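By convention in this document, chain letters (A, B, ...) are assigned in the order of the sequence lines, proteins followed by strands, and residues within each chain are numbered from 1. Note that these values count all heavy atoms, side chains included, but never hydrogens, waters or copies made by symmetry. Only a predicted model underlies this, so the values are computations on that prediction, with no experimental measurement involved.
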Amino acid sequence: MKIATYNINGIKARLQTVTDWLAETTPDIVLMQEIKSLDETFPREHFEDLGYQVETHGQKGFNGVAILSRVPLEDVSRGLPGDNDDPQARWIEATVIGKQGALRLCNLYLPNGNPVELDAAGEPVAGGKYAYKLAWMARLKARAAALLETEMPALIAGDYNIIPQAEDAKNPEKWRDDALFLPRSRRAYREIVALGYTDALEASGMPPETFTFWDFQRGAYDKNDGIRIDHVLLSPGAADMLEDAGVDAWARGRAKPSDHVPVWVELDV
DNA sequence: ATGGTAGCACGGCTA
C-alpha cells in the first residue's frame with residue numbers, strides 16, 4: 001500500500017498539479033495539508049471520480065487537511081485532542097484495513113510558529129504563534145503516546161514544520177532563529193520520535209540533501225536551498241511493514257508547483 | 001532592515 005503526504009498549498013490553485021501527480025504515481029492514500037478550503041468548497045467529486053474516498057477537515061482561507069483513499073476509511077476523527085477550543089484545522093485521522101490488518105493514519109499540519117516571540121526570560125510569549133506551536137506539539141506528543149498504547153500500528157505524517165537536524169537544511173545557519181529549527185522546537189520533535197517512532201525516510205536510507213520544501217522566494221529551488229520538514233513517523237508495528245520510502249522532489253520543478261513535494265512510503269499493510 | 005513569491009479572496013493575513 002502506497003501512502004503519500006503532500007502539502008499542496010491550496011487545492012483550488014493546485015487541482016491540475018495534484019491530478020497529474022496522482023496519475024503518475026498512483027498512491028493508494030494521500031494525506032494532504034494546507035487545502036485552504038472549507039469542506040463544502042473542496043473539489044470532492046473530482047477526486048471521487050478518480051476513485052478516491054475523500055475525508056476533509058477544512059477551514060476558510062488557511063490550514064485544512066484531507067485524506068484521499070482508494071481503500072475504504074473507517075472511524076474518521078477530526079481535530080487533535082487536548083484543546084476543544086482550538087479553531088485551526090490541522091489534524092485528521094482514520095483507520096484503513098489492509099490484507100494483514102488495520103493501520104491508523106494520522107495527518108497533521110503542525111503550526112509554523114513564526115514569528116518567534118520570547119519574553120525577557122526567553123520564554124515564549126503567551127498567545128503568540130511560537131507558544132501555540134509548542135502547545136500544539138505537547139498535544140501531539142500526548143496523542144502519539146496514546147497511539148502506542150493501542151493494538152493498532154500507526155502512521156503519523158504530514159507537514160511537521162520541523163527541521164530535525166542541521167543536515168536537513170542546505171543552509172542551516174539561515175534557520176538558526178527560526179521556529180522550524182530552534183533548539184526548543186527540535187527538542188519537542190525529538191521527544192515525540194523518542195516515544196518509539198521511526199522516521200521512514202531515515203530508515204530507508206535517504207541520501208544527503210533530501211529536502212521536501214523550497215521557498216517560493218529568492219529562487220530557493222534553483223539553488224537547491226531546501227529543507228526537510230515533511231515527515232512520516234511510524235509506530236513499531238507500522239515500521240515492521242515498511243518496504244520503501246521516498247520523496248517526489250521532481251514535483252517541485254513542474255508547472256504550478258506547491259512549495260512542498262510529496263513524501264511517500266510503501267507499507268505491507 | 002527590507003522585500004522577495006504565492007494562495008485565498010478581494011484586504012490582509014499566512015507562510
Side-chain angles (χ1 to χ4, degrees), chain A residues 5-21 30-44 46-47 56-66 80 86-91 107-118 124-125 127-137 140 158-164 168-182 184-186 188-189 211-231 249 251-263:
Chain A
T5 173
Y6 194 176
N7 179 324
I8 57 165
N9 194 0
I11 189 58
K12 296 174 189 72
R14 212 68 64 216
L15 195 57
Q16 191 60 53
T17 307
V18 170
T19 301
D20 292 345
W21 168 77
V30 184
L31 310 179
M32 288 182 172
Q33 303 87 38
E34 282 205 90
I35 62 173
K36 296 187 174 179
S37 159
L38 292 163
D39 294 334
E40 51 268 36
T41 50
F42 188 87
R44 160 182 302 278
H46 174 82
F47 293 109
T56 60
H57 183 37
Q59 178 181 341
K60 186 179 175 66
F62 312 108
N63 306 323
V65 287
L80 180 62
D86 185 351
Q88 300 196 29
R90 296 178 173 276
W91 178 271
N107 177 17
L108 67 84
Y109 176 45
L110 204 147
N112 177 291
N114 287 305
V116 175
E117 295 176 89
L118 303 175
V125 173
K129 292 197 168 142
Y130 194 53
Y132 176 65
K133 177 176 191 144
L134 294 174
W136 204 94
M137 292 185 81
L140 172 59
D159 178 359
Y160 277 76
N161 270 316
I162 292 284
I163 304 166
D168 297 309
K170 179 77 168 188
N171 299 112
E173 68 283 356
K174 282 193 198 173
W175 300 92
R176 194 190 57 195
D177 299 320
D178 193 284
L180 278 60
F181 192 61
L182 279 177
R184 202 168 196 138
S185 307
R186 295 158 61 199
Y189 177 74
F211 303 137
T212 67
F213 170 93
W214 297 261
D215 202 296
F216 285 127
Q217 302 180 63
R218 295 175 290 266
Y221 181 62
D222 292 334
K223 293 183 282 193
N224 196 26
D225 183 7
I227 52 178
R228 188 171 75 96
I229 56 175
D230 300 86
H231 308 298
R252 188 62 177 79
R254 289 290 175 85
K256 293 274 291 177
S258 171
D259 40 6
H260 295 250
V261 294
V263 180

What integer number of Å spans the [atom1] atoms of [N] and [M]?
N      : M      : atom1 : result
B/dA9  : B/dA15 : P     : 16 Å
B/dG11 : B/dA1  : C1'   : 25 Å
B/dT2  : B/dA6  : P     : 23 Å

(request) Between B/dC13, B/dA15, B/dA6, spot the one nearest the side chain of A/Phe62, thanks. (result) B/dC13
(message) From the set B/dC8, B/dA15, B/dA6, return the single nucleotide nearest to any side-chain atom of A/Arg90.
(response) B/dA15
(message) Any side-chain to backbone donor/acceptor pair from A/Asn161 onto A/Leu110? Under 3.5 Å, distance only.
(response) yes
(message) Quick check against the 3.5 Å criterion: does A/Arg228 have a side-chain atom that pairs as donor or acceptor with the backbone of A/Thr212?
(response) no
(request) Mind running side-chain contact (heavy atoms from CB on, under 4.5 Å) on A/Gln88 and A/Trp136 for me, showing each step along the way? (result) CA-CA 11 Å; A/Gln88 300 196 29; A/Trp136 204 94; over 6 Å; no
(request) Output, in order, the C-alpha distance, side-chain angles, deciding distance and verdict of side-chain contact (heavy atoms from CB on, under 4.5 Å) for A/Ile227 and A/Phe181. (result) CA-CA 10 Å; A/Ile227 52 178; A/Phe181 192 61; over 6 Å; no
Using atom [atom1] of [X] as one end and atom [atom2] of [N] as the other, report the distance to the nearest whole Å.
X        : N      : atom1 : atom2 : result
A/Gln217 : B/dA15 : CD    : C1'   : 9 Å
A/Asn7   : B/dC8  : CG    : P     : 12 Å
A/Tyr109 : B/dA15 : OH    : C1'   : 6 Å
A/Lys36  : B/dA6  : NZ    : C1'   : 7 Å
A/Glu34  : B/dC8  : CD    : P     : 10 Å
A/His260 : B/dA6  : NE2   : C1'   : 12 Å
A/Asn112 : B/dT14 : CG    : C1'   : 8 Å
A/Lys174 : B/dA15 : NZ    : P     : 20 Å

(request) Would you please name every residue forming a salt bridge (Lys or Arg N to Asp or Glu O under 4.0 Å) with A/Asp159, sequence neighbours left out? (result) none
(request) Would you kindly compare A/Asn9 and A/Asp159 by the position of their nearest DNA chain B nucleotide and give the one closer to the 5′ end? (result) A/Asn9
(message) Reading DNA chain B from 5' onward, which residue's closest nucleotide shows up sooner: A/Ile35 or A/Gln88?
(response) A/Ile35
(request) Report which part of the nucleic acid A/Ile11 touches: base, sugar-phosphate, or nothing (heavy-atom distance under 4.0 Å, all strands). (result) sugar-phosphate
Counting just side-chain N and O atoms, does [X] come under 4.0 Å of either OP1 or OP2 of [N]?
X        : N      : answer
A/Lys129 : B/dT14 : yes
A/Lys256 : B/dA6  : no
A/Lys12  : B/dA9  : yes

